[in-house]
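One structure below.
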Amino acid sequence: KQEVTQIPAALSVPEGENLVLNCSFTDSAIYNLQWFRQDPGKGLTSLLLIQSSQREQTSGRLNASLDKSSGRSTLYIAASQPGDSATYLCGGRVDSNYQLIWGAGTKLIIKP
Amino acid sequence: NAGVTQTPKFQVLKTGQSMTLQCAQDMNHNSMYWYRQDPGMGLRLIYYSASEGTTDKGEVPNGYNVSRLNKREFSLRLESAAPSQTSVYFCASTQVGNTEAFFGQGTRLTVV
């Protein structure tokens, strides 16, 4: 059974730092992996999508990588800002039946 | 373009009452999903519909039923609500293949 784990569960850093959020999955047979941001009491906003054939995707200050062989994805945030404070979730399509499975998220706090 | 729309946004039920959560997407997506989100447990898949006319159980289907009414709409029914079903419910959709998932804004359900 595929499981997605995100470590750490919470992270607090000063503004301006570069940081990495981690996502690991138990089965390398993953079709795609997506990173979302969730603000308190709100829905989920898609940040980046990586197909299984890709190694990384970039959008502005965000860079997501995928290493299927090690079962890991990382989200790199450059020059963090207080507006980046949110919970970040990773997950994706894990089988041929189109199930989408997600981690519990990393709660990120950027201190001004 | 509304994306994924869920109704209602908030609901309070008494134990034993029934209700249906509605979800509609206007992106012509084939696959639709229902999740519940509880503190510390992330998004858990309740049911999904890979395509119109099909539905399958996810990780936590007990106490729920679903109907894929047409390609646009996927409803979740609680026949006899229990306090353990207090949660935030999210609907999501994707196109066939390894494409981006989109989420609704969520329904906050409290069962007293």
Side-chain angles (χ1 to χ4, degrees), chain A residues 1-10 21-26 29-54 57 59 64 66 68 73 86-107, chain B residues 2-7 9-10 23 25 27 29-61 68 74 87-110:
Chain A
K1 174 189 169 188
Q2 179 75 278
E3 292 184 356
V4 179
T5 304
Q6 292 186 248
I7 296 173
L21 305 182
N22 296 297
C23 174
S24 62
F25 38 95
T26 53
I30 190 166
Y31 287 72
N32 63 30
L33 191 127
Q34 198 166 353
W35 282 91
F36 280 88
R37 145 183 199 141
Q38 185 175 28
D39 293 285
K42 300 291 182 61
L44 290 89
T45 302
S46 180
L47 297 173
L48 290 162
L49 170 70
I50 311 176
Q51 302 292 352
S52 63
S53 59
Q54 298 174 321
Q57 286 285 334
S59 176
L66 176 64
K68 287 181 61 180
S73 176
T87 296
Y88 290 80
L89 288 88
C90 70
R93 183 184 165 201
V94 301
D95 65 21
S96 59
N97 289 324
Y98 300 98
Q99 286 199 52
L100 301 181
I101 305 296
W102 307 95
T106 294
K107 184 176 182 179
Chain B
V4 180
T5 302
Q6 290 182 233
T7 56
K9 287 185 171 55
F10 301 94
C23 175
Q25 50 88 13
M27 297 171 283
H29 284 171
N30 287 290
S31 302
M32 298 185 72
Y33 307 80
W34 276 107
Y35 295 89
R36 59 179 290 172
Q37 186 177 40
D38 302 294
M41 301 191 73
L43 289 163
R44 292 185 291 169
L45 183 62
I46 305 171
Y47 272 93
Y48 67 105
S49 171
S51 61
E52 185 179 359
T54 69
T55 60
D56 287 285
K57 295 178 180 179
E59 180 186 357
V60 288
R68 184 74 183 265
F74 188 39
S87 187
V88 181
Y89 291 84
F90 285 98
C91 176
S93 71
T94 67
Q95 186 53 285
V96 173
N98 305 331
T99 58
E100 187 176 11
F102 292 83
F103 281 81
Q105 288 298 301
T107 296
R108 188 172 295 274
L109 175 67
T110 302

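The analysis underlying the following values was restricted to heavy atoms, covering all of them including side chains, and did not include hydrogens, waters or symmetry mates. Note on naming: letters A, B, ... go to the chains in the order of the sequence lines (proteins, then strands), and numbering restarts at 1 for each one.
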Against chain B, label Gln99(A) side chain, backbone, both or neither, depending on which of its atoms sit under 4.5 Å from a heavy atom there. both
For Leu100(A) and Tyr48(B): C-alpha separation, side-chain torsions, deciding distance, then whether side chain to side chain contact (heavy atoms under 4.5 Å, CB included) applies. CA-CA 9 Å; Leu100(A) 301 181; Tyr48(B) 67 105; over 6 Å; no
Between Gly42(B), Pro39(B), Gly58(B), the one whose heavy-atom pairs under 4.5 Å with chain A are most numerous: Gly42(B)
Heavy-atom cut-off 4.5 Å, strictly under: side chain, backbone, both or neither for Leu89(A) against chain B? side chain
Phe90(B) and Trp102(A): aromatic ring centres closer than 6.0 Å? no
Residue Gln38(A) versus chain B: region with a heavy atom under 4.5 Å: side chain
Answer key: most heavy-atom pairs under 4.5 Å with chain A among Gln105(B), Arg108(B), Glu59(B) is Gln105(B)
Determine whether more than 12 heavy atoms belonging to other residues, nucleotides or ligands lie under 6.0 Å from atom NZ of Lys107(A). no
Residue pair Ala101(B) / Ser46(A): nearest heavy atoms and the distance that separates them: O-CB, 4.5 Å
Which distance, rounded to the nearest 0.5 Å, do you find between the CD of Glu100(B) and the CG of Leu48(A)? 9.5 Å
Given a strict heavy-atom distance threshold of 4.5 Å, which part of Leu43(B) is in contact with chain A: side chain, backbone, both, or neither? both
Counting heavy-atom pairs under 4.5 angstrom with chain B, the leader among Gly91(A), Gly103(A), Ala104(A), Gly105(A) is Ala104(A)
